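Structure first, then comments.
Heavy atoms only: backbone and side chains are in, while hydrogens, waters and symmetry mates are out. Proteins come first, then strands; the chains are lettered A, B, ... in the order of their sequence lines, and each starts at number 1. Computed from a predicted model, the values in this text were never measured in an experiment.
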There are 2 protein chains.
Amino acid sequence: MSDPRPPRTDLVDILLHPRSIAVLGASDNPRKLSGRPVDYLKRFGYAGRILPVNSRRATVQGLPAHPTLDAIDGDIDLAMVMLDAAHAADGVRACGRRGIRAAIVAAAGYAETGEQGALLQRELKAAAEESGVRVLGPNCLGLISVHDRAVPTFTSALDEDIELRPGPVAFVSQSGAFGSFIFSEARQYGIGLAHYVNTGNEVDISVSELLGAFAATDESTVLLAYLEGVSDGPGLLDAARAAHAADKPVIAVKVGRSAAGARAAQSHTASLAGEDRVFDGAARQFGLTRVSGVEPMLDAAQLFATGRRTRGRRLTTLSLSGGAGVLMADEAATRGITVDPWDDEWQRRMADVIPPFGSARNPVDLTAALVSEPDMLRRALDVALQHPGTDMIGVLLGNADGDVDELTDAIAKAHGATEQPLVVVWTGGSGRARQRLRELGVPCYSDPGRAAAALGHLADFSLRPPLPTGERPEGTDPRAARAIVAEARAQGRTRLDEYDSARLIAAYGLHSAPARTARDPEEAVRAAADLEGPFAVKLLSADVSHKSDMGGVRLGLRTPDDVREAARSVLGAAGRAGVADARLLVQRMAGGDRTELILGVQRDAAFGPVVVAGFGGVLVDVLDDSQVAVAPVDHAGAERMLRSLRAAAVLDGVRGAPPRDVDAAADAIVRLSWLATDLADDLLELDVNPLLCGAAGDGAIAVDCLALLSAPFSTPSEQEAR
Amino acid sequence: MSDPRPPRTDLVDILLHPRSIAVLGASDNPRKLSGRPVDYLKRFGYAGRILPVNSRRATVQGLPAHPTLDAIDGDIDLAMVMLDAAHAADGVRACGRRGIRAAIVAAAGYAETGEQGALLQRELKAAAEESGVRVLGPNCLGLISVHDRAVPTFTSALDEDIELRPGPVAFVSQSGAFGSFIFSEARQYGIGLAHYVNTGNEVDISVSELLGAFAATDESTVLLAYLEGVSDGPGLLDAARAAHAADKPVIAVKVGRSAAGARAAQSHTASLAGEDRVFDGAARQFGLTRVSGVEPMLDAAQLFATGRRTRGRRLTTLSLSGGAGVLMADEAATRGITVDPWDDEWQRRMADVIPPFGSARNPVDLTAALVSEPDMLRRALDVALQHPGTDMIGVLLGNADGDVDELTDAIAKAHGATEQPLVVVWTGGSGRARQRLRELGVPCYSDPGRAAAALGHLADFSLRPPLPTGERPEGTDPRAARAIVAEARAQGRTRLDEYDSARLIAAYGLHSAPARTARDPEEAVRAAADLEGPFAVKLLSADVSHKSDMGGVRLGLRTPDDVREAARSVLGAAGRAGVADARLLVQRMAGGDRTELILGVQRDAAFGPVVVAGFGGVLVDVLDDSQVAVAPVDHAGAERMLRSLRAAAVLDGVRGAPPRDVDAAADAIVRLSWLATDLADDLLELDVNPLLCGAAGDGAIAVDCLALLSAPFSTPSEQEAR
C-alpha cells in the first residue's frame with residue numbers, strides 16, 4: 001500500500017516553514033481566540049503572507065480579508081482553521097480543493113467530550129484522509145516556529161509581548177494549554193526553542209511523527225515531549241530509534257502514571273494510554289529520557305541544550321559552602337552520580353590553590369573567600385578540568401549576586417574551555433546571577449537536587465545502551481508454532497493446556513522439563529518409566545487454569561506406586577470438579593539449586609506484544625518486581641531487564657549460592673519475545689511460571705506454561721494470508 | 001545533677017531578644033567580615049544598644065568603640081565574638097566575667113579542620129562551661145531575629161538591602177553559608193521568617209535545643225531545620241515531642257543520606273551522623289517532616305505557614321488546563337493524595353457553573369474560559385468548598401498573568417472563606433501572579449509536582465500518629481535479664497549462646513520454641529523425650545556465630561534415632577572445627593504455616609538503642625526491607641513499623657494464606673525495645689532470626705536468637721549502681 005503522506009522533512013517544511021498562512025474564520029478582534037492568530041503573526045513579525053479568510057469583512061486587523069480560500073491568489077502553504085467543530089471538516093476539505101497541504105484544526109468538542117464529539121472526530125479524520133491534507137489537531141492551540149516567527153496559534157503564551165528566543169530545543173505537546181504553560185516556563189529557564197507544536201487529539205499528525213521528523217532535521221538537537229497517551233506505539237519507537245541514532249535526546253513527560261491520572265487523561269485528550277509500565281520499559285529500551293514533570297524536563301533541557309555528553313558518572317564539585325557540597329553529594333548519589341574523594345596527589349594540587357580552611361578532597365570547599373577572589377575559582381576550575389577522574393563539574397554558589405560579573409565570567413570561560421558538562425547551582429540571592437549565567441550559556445539551577453537530576457539524565461543518555469539489534473536467535477520455528485495454534489483454533493479452543501503450551505515455546509527453543517501425557521494411572525506409571533525421577537503429576541485440561549488450587553498437582557513423586565496414587569488422586573479431584581477433558585501430565589522435576597523466575601507475554605494497547613520478566617514467589621506477588629519490554633528483545637536488552645529488577649542481587653547468588661545462569665534466562669526472554677512478535681495476532685497472553693533458573697551453566701527450565709489465544713475474530717488461515 | 005543552663009524561653013530571650021549586643025573585634029570597615037555585624041545592626045534598624053569593642057579605635061562605623069567589655073556601662077545581653085579561633089575562648093571567658101549570658105563565636109578553624117582545631121574546640125567548650133556563658137558556634141555566621149531586627153551576623157544574605165519580612169517560620173541550620181542561601185531563597189517564596197539561627201559546630205547550643213525552645217514559645221509556628229548530623233539524638237527527640245505536642249511542624253533536611261554525603265558532612269561541620277535510616281525511623285516515629293532538599297522544605301513551609309491542617313487526603317482540583325489536572329492527579333498519587341471523581345449529584349452541581357466543554361468529574365476542568373470569566377472560578381470554588389468529599393483544593397492555572405487581579409482576588413477570597421488547605425499552581429507567565437498570590441497569603445507553586453509534595457507533607461503531619469506512649473508492657477523482668485548478663489560478664493563473655501539469648505528475651509516475655517540443652521547424644525535423646533517433635537538439634541557454643549555454615553544445625557528430626565544421629569553429627573562437626581565449648585540444643589520445631597520475620601536491637605551513635613524489624617529471607621538479604629525505630633516503641637508504633645515494610649502485604653496473607661498475627665509480632669518488637677532500653681549500657685546487638693509469625697491468633701515464636709554485649713568497659717556491679 002502506498003502512503004500518500006509526505007516524507008518527514010516535508011512535514012517539517014509545510015508545518016513549520018510555511019511561506020503563507022491562511023486563517024479561516026479570522027476575527028477582526030485581536031483579543032478573541034479567533035482573532036489571535038492574525039494578531040500574533042503580525043506582532044511577532046512573520047515574514048510570509050498572512051491571509052485572513054472572513055466572508056463578512058473587507059479587512060481583518062488591517063489586512064485585506066478574503067471571502068473564501070479560492071479568492072486568494074498564489075500558493076497557500078498552511079491553513080489555520082478557526083471554525084467550530086461542526087464546520088472544521090468542511091474547512092479541511094476546502095483546503096484540499098485549494099491545494100493546501102496542511103491545516104491546523106483548533107476547535108474543541110471532539111472525542112474528548114463523548115459520543116457526539118467522537119462522531120465529528122471520525123468525520124474530520126475522513127476529511128483529512130480523503131482530501132490528502134495533513135491535519136494538526138483538533139482540540140489544538142497551533143504551533144510556534146521560532147526561527148521563522150511563524151505563529152499560527154492562539155496560545156496565551158504569546159498574549160504579551162515576549163521575546164521569542166531561538167535555540168536548539170523542539171517541544172511537542174498533546175496538551176494545548178498545559179503545553180503553552182511549559183513553553184512559557186521554558187523562557188524563565190533561558191531555554192531557546194526552535195519549535196513548539198501542540199497536537200491535541202491527533203486525528204492525523206501525532207507527537208510520534210513529529211518527533212521522528214525533528215530527529216531527521218538539523219533544526220533542533222533536543223526534543224521535548226508532553227504525552228497524555230500514546231496513540232501510535234510503534235510510531236513512537238520509530239521516532240525513538242531515529243533520535244537515538246541521531247544522538248538527540250527525547251525528554252518526555254508522560255502522564256497517566258497513576259490510576260487517577262490515567263482516568264483524567266482519557267477524558268482530556270481522549271488518549272488511550274496503554275499500560276504505564278510498558279511505556280516505562282519502552283523508554284528504557286529505546287533511550288528515551290522519561291521525567292516526572294515540568295521542572296525536571298526543563299532542568300534537563302537546559303543541560304542538554306549545551307549539546308554536551310559525559311564520558312562517565314564522576315562529578316567534582318567546587319563550592320562556596322561546604323553544606324552545599326554535602327547536599328549535592330547526597331542528591332548525586334540518588335541519580336547514580338558519584339562524588340568520590342580525589343587521590344592524594346590531586347588533592348595536593350587543589351590544596352595549592354584554595355584557602356587553608358577549605359577542603360581539597362571532593363566535594364571541594366573553596367569557602368566564602370571565593371566571593372572576594374574570583375581568581376581562586378578560576379584556578380580551582382583549572383585544576384578540576386585537568387583532573388583525569390572528573391567527568392562532570394558542579395560549581396555551587398549562593399547569595400551575594402550583586403557584583404559577580406568577574407565570578408560569572410570566570411565560570412563562563414571555564415565552561416567555554418572544556419567539552420565536559422559543567423553546571424552551576426546558585427541558591428538564594430536575587431536571581432540575577434542565575435540569569436546572567438544562563439545568558440552566557442552555562443546551565444544554572446537554584447537547587448542542588450535539580451542539578452543532580454539533570455546530570456543524571458545526561459549521564460544516562462550519554463551512556464545509553466545501543467538500540468535493540470532486532471536479530472532473531474537461531475532455532476525458532478514459526479511454522480511449528482502456528483501449527484499448534486491452528487490445531488487449537490480448529491478445536492475451537494483459545495486456551496492451550498500445559499502440554500501444548502510447552503510445545504509452543506519449545507518451537508522457539510525454550511526448554512521445558514521433560515514430560516509425557518497419560519490418560520489413566522497405569523499410563524502415568526508407564527510414562528514415568530520413560531523419564532528420570534523425581535516426578536510431578538499434574539492435571540491436564542484446557543478448561544482449568546488454577547489446577548493446584550483444586551488438588552490437580554502432586555510433586556516429589558519417586559516410585560511407581562507414588563505416581564499411581566498421585567494420578568488417581570488428581571483424576572479424582574478433576575472428576576469431583578466436573579472437569580470434562582481431564583488427562584494427566586507426568587513431568588520430570590527439575591533438580592538442583594534453582595531460582596524461580598516468571599516470564600510472560602502480554603499485549604499492550606499502545607505498543608503491541610510485550611514481554612515481562614520477574615522473580616517468582618513473594619517478590620512478584622507482593623512487590624510487583626518485574627520489568628517489561630516491547631517485543632522483540634535482544635540478548636543484551638533481556639539481560640538488562642533482569643539486572644534492572646529490584647532484587648537483581650539474587651542473580652549474583654545470595655547466602656553463598658553461586659551466580660545464576662543469567663545468560664540462559666535472558667535467552668529464554670529473547671525467544672519468548674520472538675514468539676510474541678511472530679504470533680502477535682494470535683497470542684493474547686502467555687505465562688511461564690516458573691522458569692527455574694539454575695546456577696551459571698545449568699540453564700533455565702520452564703516448569704509450567706499457559707498460553708491464551710485471542711478471540712477468534714478471524715480464522716487462522718486468514719491470518720496466515722496476511 | 002543540677003543544670004545551670006537557663007530554661008528554654010530564656011534561651012530565646014537572651015539570643016533572639018537582646019536589648020544590647022557587644023561586638024568583640026568589630027572592624028570599622030563595613031565590607032570586612034568583622035565589620036559586617038555592626039553595619040547590619042545599624043542598617044537593618046536594630047533598636048537596642050550596639051556596642052563595638054575595639055581597643056585600637058575610638059569609633060567603629062560612627063559608633064563609639066569600647067576598648068574592653070569592662071569599659072561598657074550597663075547590662076550587656078549578647079556578645080558577638082569576631083575574634084579568631086586562637087582568641088575566641090578568652091573572649092567567652094571575658095563575657096562571663098562581665099555577666100553576659102550568651103555569646104556567638106564566629107571563627108572557623110575548629111574540629112572541622114583536624115586535630116589542632118579539635119583541641120581549640122575543647123578549650124572553647126571548657127570556657128563555655130566554666131564561665132556559664134551559653135555559646136552559639138563556633139564556625140557560625142550568627143543569627144537573624146526578624147521581629148527585633150537583631151542581626152548579629154556576617155551572613156551574605158544581608159549583604160544587600162533586602163526587606164526582612166516577618167512571619168511565623170523559624171529556621172535553624174548547622175551549615176552557615178548554605179543556611180544563609182536558604183534564608184535568602186525563602187524570601188523568593190514569600191515566606192515570612194521569625195528567626196534564622198546558625199549553630200555551626202555546636203560546642204554548646206544545638207539545633208535540637210533551639211527547636212525545643214522554639215516549640216515552647218509563641219513566636220513561630222513552623223520550624224525548619226538543616227542538619228548535617230545529630231550530635232544529640234535524645235535532645236532532638238525531646239524537641240520533636242515538644243513540637244508534636246504544640247502542633248508545630250518541624251520540616252527537616254538532614255544530609256548525609258549517601259555514603260559520599262556522610263563523608264563530606266563529617267569534614268564540613270565535624271558532625272557525627274549516626275545511621276541515616278535511624279534518623280528516618282525516628283522522624284516517622286516522632287512526626288518530623290523529613291524532606292530531601294531546599295525546595296521541598298520551602299514548598300512545605302509556604303503551605304504550613306498558613307497554619308492550616310487537613311482532615312483527610314482527598315484533593316479536588318480546578319484547572320484552566322485539563323493537562324495540568326492530569327499531571328496533578330499523577331503527582332498527588334505519589335504522595336498518597338487522592339483525586340477521586342465526584343459523585344453524580346455533585347458533578348451536576350459543578351456542571352451548572354462551568355462551560356459545556358469542561359469536565360465536572362474531578363479533576364475539574366474549567367477550560368481557558370476561566371481566564372476571561374473570573375466569576376466562573378468563584379462559583380466553581382464555592383461548589384468545591386461545599387463538597388463534603390473535598391479535604392483540600394488545588395487551583396491550576398498558567399500564563400496570562402498580565403491582568404489577573406480579579407482572578408487572584410477571587411482565589412484569595414475563597415482562601416479566606418475556608419479553613420481548608422487551598423493551593424494554586426501557576427505555571428508559566430512572568431511570575432507576577434505567583435508573587436501576588438503569595439502576598440495575599442495563598443500558597444503558590446509553579447509545578448504541580450511540588451504542590452503535591454507540599455500537600456502530602458501537610459496531610460502526613462495533620463494526620464500524624466500520636467507520640468509514643470512510653471508505656472511499659474507487663475511481664476518484663478529487668479532483674480532477671482541483668483542476672484543473665486552478669487553471669488556472662490562473670491565468665492568474661494560478651495557473646496551469649498542461643499540458649500542464654502533465648503533466656504534473655506524470655507525475661508521480657510518473648511516466646512521461644514521450647515528447648516533443652518544436652519552435652520551428648522544420649523542426653524539429647526532424653527531432652528527430646530521432654531518435648532514434642534519434630535525436633536531441631538543445634539550446636540550450642542559461645543564461640544560460634546554461624547553454626548549452620550559448619551554443619552551445626554539439623555532440622556526435621558522425628559525419632560530418637562534421628563536425634564541421636566544428628567547429635568553425633570553436630571558434635572563431630574564441632575570437634576573437627578575445634579570448638580572447645582560445644583554443647584547441644586534440642587529444640588521443638590515450630591509447626592504450622594508461619595512467616596519469617598527478623599527482629600534486632602542495635603545501638604546508634606546518635607539515638608542510642610534502636611529496634612529493627614523486617615521480613616526474613618530474600619526480602620531482607622537482597623532488598624534490605626526493614627524498618628528502624630528508636631527504643632522504646634509502643635504497640636501502635638511497632639505495628640506501623642511492620643505495616644511500613646515494602647512487602648507489608650505479606651502480613652495480610654498471600655496466595656490464599658490467612659492474615660498473619662501482626663499483634664503478636666508487634667508485641668515482640670515492643671518487648672525487645674524495652675529490653676534494649678533497660679540494658680542500653682550492656683547490649684551491643686541482638687538478633688532474633690527468625691521470629692516465626694503464625695496466622696492471626698497463632699502467635700510469634702523466636703527460633704534463633706543471638707545477643708552480643710558491649711566490651712566490658714565497666715563491671716556489671718558498677719552499671720547496676722548507676
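Contact tally against chain A (heavy-atom pairs below 4.5 Å) for B:Ala329, B:Gly398, B:Ala648, B:Ala177: the top residue is B:Gly398. Interface remark: of the candidates A:Glu160, A:Arg646, A:Met328, A:Glu160 forms the most heavy-atom pairs closer than 4.5 Å to chain B. Your options are A:Gly358, A:Pro341, A:Gly293, and the one with the most heavy-atom pairs under 4.5 Å with chain B is A:Pro341. Most heavy-atom pairs under 4.5 Å with chain B: of the set A:Gly429, A:Ser319, A:Gly117, this distinction falls to A:Gly429. For chain B, the option among A:Gly325, A:Ser292, A:Gly449, A:Gly431 with the highest count of heavy-atom pairs below 4.5 Å is A:Ser292. If you tally non-hydrogen atom pairs under 4.5 Å between each of A:Gly109, A:Ala157, A:Ser258, A:Gly114 and chain B, the highest count goes to A:Ser258. Per-residue counts of heavy-atom pairs under 4.5 Å with chain B were compared for A:Gly179, A:Pro363, A:Ser156; the largest is that of A:Ser156.
Partners of A:Asp84 according to the salt bridge (Lys or Arg N to Asp or Glu O under 4.0 Å) rule, which considers only residues two or more places apart in sequence or in another chain, do not exist here. Residues that satisfy the salt bridge (Lys or Arg N to Asp or Glu O under 4.0 Å) test with B:Asp447, not counting sequence neighbours, are absent from this structure.
With a 4.5 angstrom heavy-atom cutoff, A:Val650 touches chain B via backbone and side-chain atoms both. Contacts of A:Leu623 with chain B are made by side-chain atoms alone, with heavy-atom separations under 4.5 Å and no backbone atom involved. Using a 4.5 Å cut-off between heavy atoms, A:Ala368 does not touch chain B at all. For B:Arg31, no part sits under 4.5 Å from any heavy atom of chain A, backbone or side chain. With a threshold of 4.5 angstrom between heavy atoms, B:Pro448 approaches chain A through side-chain atoms but not through N, CA, C or O. Proximity to chain A is limited to the backbone of B:Leu397, based on heavy atoms less than 4.5 angstrom apart. Neither the backbone nor the side chain of A:Thr367 comes within less than 4.5 Å of any heavy atom of chain B. Both the backbone and the side chain of B:Asp330 come within contact range of chain A, with heavy atoms under 4.5 Å apart. Of the atoms belonging to B:Phe183, not a single heavy atom falls under 4.5 Å from chain A. Looking at A:Glu295, both its backbone and its side chain come within 4.5 Å of chain B, counting heavy atoms on both sides. Residue A:Phe615: no heavy atom, backbone or side chain, is found under 4.5 Å from chain B.
Going from atom CG of B:Leu396 over to atom OH of B:Tyr445 covers 13.0 Å, rounded to the nearest 0.5 Å. The CZ atom of B:Phe181 sits 8.0 Å away from the OG atom of B:Ser175 when rounded to the nearest 0.5 Å.
Contact annotation: the side chain of A:Val255 approaches that of A:Tyr226 to within less than 4.5 Å [non-hydrogen atoms, C-beta and beyond]. Looking at B:Leu366 and B:Val364, their side chains come closer than 4.5 Å, going by heavy atoms from C-beta outward.
Contact check on A:Arg257 versus B:Glu331 returns a salt bridge, with a Lys/Arg side-chain nitrogen under 4.0 Å from an Asp/Glu carboxylate oxygen. Ion pairing of A:Asp276 with A:Lys254 is present here, as a side-chain N (NZ or NE/NH1/NH2) and a carboxylate O approach within less than 4.0 Å. Look at B:Glu163 and B:Arg187 and you find no salt bridge, because none of the NZ, NE, NH1 or NH2 atoms lies under 4.0 Å from a carboxylate O.
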May I have the step-by-step check of side chain to side chain contact (heavy atoms under 4.5 Å, CB included) for A:Glu228 and A:Val253, ending in yes or no? CA-CA 8 Å; A:Glu228 302 208 333; A:Val253 173; over 6 Å; no
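Side-chain atoms of A:Asn399 and B:Ser184 form a donor-acceptor pair, as typed in the model, at a separation below 3.5 Å.
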